[in-house]
Amino acid sequence: MAIESHVLTVVDVIEETADAHSIVFDVPDELRETFAYTAGQFLTVAVPSDQTGLAARCYSLSSAPHSGRHQITVKRTVDGYASNWICDNLRAGDTLRMLPPSGIFTPKSLDVDLLLFGGGSGITPVISIARTALEKGSRKVVLFYANRDEQSVIFRSELAALSSAHPDRFVVVHWLESVQGLPSTEQLTAFAAYFTDYTAFVCGPAPYMKAVTDSLKALGFPRDRRHQEKFVSLGGNPFGDVEEMSAAAATLAEADDHDDSDDEAPSAVTGPITVEVELDGEHYSFDDWQGDKPLLEFLEEKGVDAPFSCRAGQCSACACLVLEGEVTMKHNEILEAEDLSEGIRLVCQSMPASEKLRITYNG
Ligand code: FES
């Protein structure tokens, strides 16, 4: 079964800073629906590679959905093959293969006060959320934006313009490591303490996200008002076919040397399993999942348009909430213990652990 990717043309490349480029894609009318997105989502792109054929990477859309624009922003990282290739090579008129927008780092409502934390290129999904909330929502937006120095602040003038346009609703606090050092958990806690009834979104380097998340936890932000976006380099190839990807994911799981403590062993429960699924207002019911393949593959075979991106337990695009029954995941690099305890699971990695399963994608 082929995974549907699409080739889009680059219409503009904007040098945001010395090491960050925004890439704007043309989405033709026939793909507009396929590429419709929500603020905070990402695209999975296939970066050509001489060594491996391609490198699959997820990049957040920095544009806002209501703008009609599809723009990602990519910052070079030291030894980062894909980000450097994009910044060095992509020009207007070039094409790039990609999967449609995906991801769950998205506000459920724009009519709540938002506390946004961006660190470096972690601003990309965050500015999409800010732009959207300011235009389509009615509440306050506070952004804490940490960068190495003034030259590395992406979207500096745009943030200033948004702040001028919404002086009573939008506040940006810039934090420069060159001036203030890295923000400590104590400093972040002191800042966030003013906004404890806001809904928080956090994206940035891992130590920064941990410091922010620790602060939010210390302040008692409940899980449903605390969101973070983690990106890892996809080890598999989501542009191959399903069978190839299953093999790739299995290889990855065996070869990885990361902390696998949250991973679970594949289940011994065999079919037939009853599966009920709630997705985009539709209800599906099946009674013949044999437990011989991950749930995502089973749902695809049944014609369910289930979301996914990496197929390797690395991106959370396929995350669902288990309402009844249980699954075990073959591999998980993205969900935390807290997510697991709430019943969130990765459908691409899920094998049955009960004879009946009920899940929703609307959790
Ligand atoms: Fe990426 Fe399942 S599709 S974790």
Side-chain angles (χ1 to χ4, degrees), residues 1-6 34 37-38 40-46 54-61 82 97-106 125 203 227-256 258-260 262-264 266-267 275 277 279-280 289 293-302 304-322 327-340 342-352 357 359-363:
M1 181 178 182
I3 300 171
E4 201 175 5
S5 61
H6 302 273
T34 306
Y37 66 100
T38 306
Q41 289 195 309
F42 60 84
L43 294 173
T44 307
V45 303
L54 68 83
R57 294 289 184 273
C58 301
Y59 293 111
S60 294
L61 287 144
R97 195 150 66 99
M98 64 191 71
L99 301 179
S102 196
I104 56 170
F105 184 68
T106 57
C203 187
H227 307 272
Q228 58 173 321
E229 183 74 316
K230 278 196 256 182
F231 283 115
V232 292
S233 295
L234 302 184
N237 167 17
F239 295 90
D241 65 30
V242 172
E243 285 71 29
E244 275 176 23
M245 265 315 294
S246 296
T251 306
L252 181 75
E254 284 168 16
D256 257 354
H258 75 285
D259 179 8
D260 262 341
D262 285 338
D263 289 1
E264 303 167 37
S267 160
V275 183
V277 179
L279 169 65
D280 294 337
W289 181 23
K293 58 180 67 106
L295 181 56
L296 176 62
E297 288 180 35
F298 172 74
L299 294 178
E300 288 177 318
E301 282 180 9
K302 294 293 187 184
V304 178
D305 195 14
F308 69 89
S309 180
C310 72
R311 291 181 176 273
Q314 296 178 301
C315 76
S316 82
C318 64
C320 76
L321 181 66
V322 173
V327 294
T328 54
M329 291 189 292
K330 296 196 297 182
H331 190 71
N332 167 35
E333 279 185 59
I334 200 86
L335 298 181
E336 307 207 330
E338 209 170 358
D339 302 314
L340 299 174
E342 288 175 7
I344 300 174
R345 299 289 184 270
L346 303 173
V347 176
C348 73
Q349 298 299 307
S350 289
M351 303 299 285
L357 179 69
I359 65 167
T360 179
Y361 285 92
N362 306 335

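Atoms within each ligand, like the ligands themselves, are counted from 1 in listed order. Sequential numbering from 1 along the given sequence is applied to the chain's residues.
Proximity to Gly313 (heavy-atom distance under 4.0 Å) selects the following atoms of ligand 1: 4 (S). Close contacts between ligand 1 and Arg311 involve ligand atoms 1 (Fe), 3 (S) [criterion: under 4.0 Å to a heavy atom]. Ligand-side atoms of ligand 1 in range of Cys318: 2 (Fe), 3 (S), 4 (S), range being under 4.0 angstrom from any heavy atom.
For atom 2 (Fe) of ligand 1, the set of nearby N, O or S atoms under 2.8 Å includes one belonging to Cys348. Taking 2.8 Å as the threshold, Cys310 counts as a candidate ligand of atom 1 (Fe) of ligand 1, since one of its N, O or S atoms lies below it.
Within the 4.0 Å heavy-atom criterion, the part of Gln314 lying near ligand 1 is the backbone and not the side chain. Using a 4.0 Å cut-off between heavy atoms, Ser309 contacts ligand 1 through its backbone alone, with no side-chain atom that close. Contact annotation for Ser316 and ligand 1: only backbone heavy atoms (N, CA, C, O) come within less than 4.0 Å of the ligand.
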- Apply side-chain contact (heavy atoms from CB on, under 4.5 Å) to Tyr59 and Val45, showing your working. CA-CA 8 Å; Tyr59 293 111; Val45 303; 3.7 Å; yes
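Put simply, the side chain of Arg345 never gets that close to the backbone of Leu321: no donor and acceptor are under 3.5 Å apart. The backbone N or O of Thr328 lies less than 3.5 Å from no partner atom in the side chain of Gln349, so there is not a single donor-acceptor pair. Put simply, the side chain of Gln41 gets close to the backbone of Thr38: a donor and an acceptor are under 3.5 Å apart.
In this structure, the separation between CG on Leu357 and SG on Cys320 is 7.0 Å, given to the nearest 0.5 Å. The CG atom of Leu43 sits 15.0 Å away from the CZ atom of Arg57 when rounded to the nearest 0.5 Å.
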